[in-house]
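Bear in mind the structure is a predicted one, so any value in this text is a computation, not a measurement. This chain uses plain numbering: 1 for the first residue, then up along the sequence. We use all heavy atoms of the structure for the numbers below, so side chains are in, but hydrogens, waters and symmetry mates are not.
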Amino acid sequence: MKYSKATNYALHILLHLAVATPNQRVGVQQLAEQQDISPTYLSKILTKLVKTGMIESSTGANGGYKLKPDWESISFLDVIHAIEGSASLFGGCLNDNPDCLIQKVMISAEEKMEEELRQHKISDLAKKATVVF
């Protein structure tokens, strides 16, 4: 599991949508200005969030992006997997030894981290947010 700048933007975008406009569509230009990133780069992030069903998109004069109806269930881990994929953060042991003690520790650590991220929901953060990021 990786955590890149794109994932950071995705988390902030989802939080912004949850706090500011959970049921309204927001255009890519407005979101890009709010995050201070290029609309082209942001569009790539938004496309991944649409493909995984976290947000909805529509075109036209009143088009834009909004959260899916059951957005309260979106976890940090869901967002990370949507942007980065679900490959392991840690590589395998040398010679692919199935009894590798180092690999067992690394896998255990990653599983604990994923569980922690799975428990944190965008909706929980939205309840605590006093300003839109």
Whether D78 side chain and S75 backbone form a donor-acceptor pair below 3.5 Å: yes

Close side-chain approach of Q119 to D124, heavy-atom, < 4.5 Å: no

Residue pair E72 / K127, side-chain heavy-atom distance below 4.5 Å: no

Distance (rounded to the nearest 0.5 Å) between K68 NZ and L17 CG: 13.5 Å

Test item: H12 side-chain N/O and N8 main-chain N/O as donor-acceptor pair under 3.5 Å: yes

Stepwise side chain to side chain contact (heavy atoms under 4.5 Å, CB included) check, I122 with L11: CA-CA 8 Å; I122 296 295; L11 287 164; 3.9 Å; yes

Atom pair CG (L46) and NZ (K51), whose distance is rounded to the nearest 0.5 Å: 12.5 Å

Heavy atoms of other groups near D36 CG, more than 12 under 6.0 Å: no

Which atom of I45 lies closest to which atom of A10, heavy atoms considered: CG2-CB, 3.8 Å

Interatomic spacing from NZ in K44 to OG1 in T47 - rounded to 0.5 Å: 9.5 Å

With sequence neighbours excluded, residues passing side chain to side chain contact (heavy atoms under 4.5 Å, CB included) with S57: V50, Y65

Min side-chain heavy-atom separation F76-L125 under 4.5 Å: yes

Side chain to side chain contact (heavy atoms under 4.5 Å, CB included) between I13 and I55, worked out: CA-CA 10 Å; I13 289 162; I55 62 174; 5.9 Å; no

From S108 atom OG to M113 atom CE, the distance as rounded to the nearest 0.5 Å: 11.5 Å

Nearest heavy-atom neighbours spanning A129 and V19: CB-CG2, 3.7 Å

Salt bridge (charged side-chain N to carboxylate O under 4.0 Å, His left out) partners of E111, counting only residues at least two apart: none

Same apolar cluster: I80 and Y41, side chain cutoff 4.5 Å: yes

Heavy-atom closest pair, residues M54 and L14: SD-CD1, 4.2 Å

Check: T52 side chain, K48 main-chain N or O, donor-acceptor pair, under 3.5 Å: yes

Minimum-distance pair of heavy atoms, taken over all atoms of L31 and H16: CD2-CD2, 3.6 Å

Sidechain N-carboxylate O distance under 4.0 Å for K112, E115: no

Shortest non-hydrogen separation from A32 to L42 and the atoms involved: N-CD2, 3.3 Å

Over all atoms of both residues, closest heavy-atom pair of K66 and R25: CG-NH1, 3.7 Å

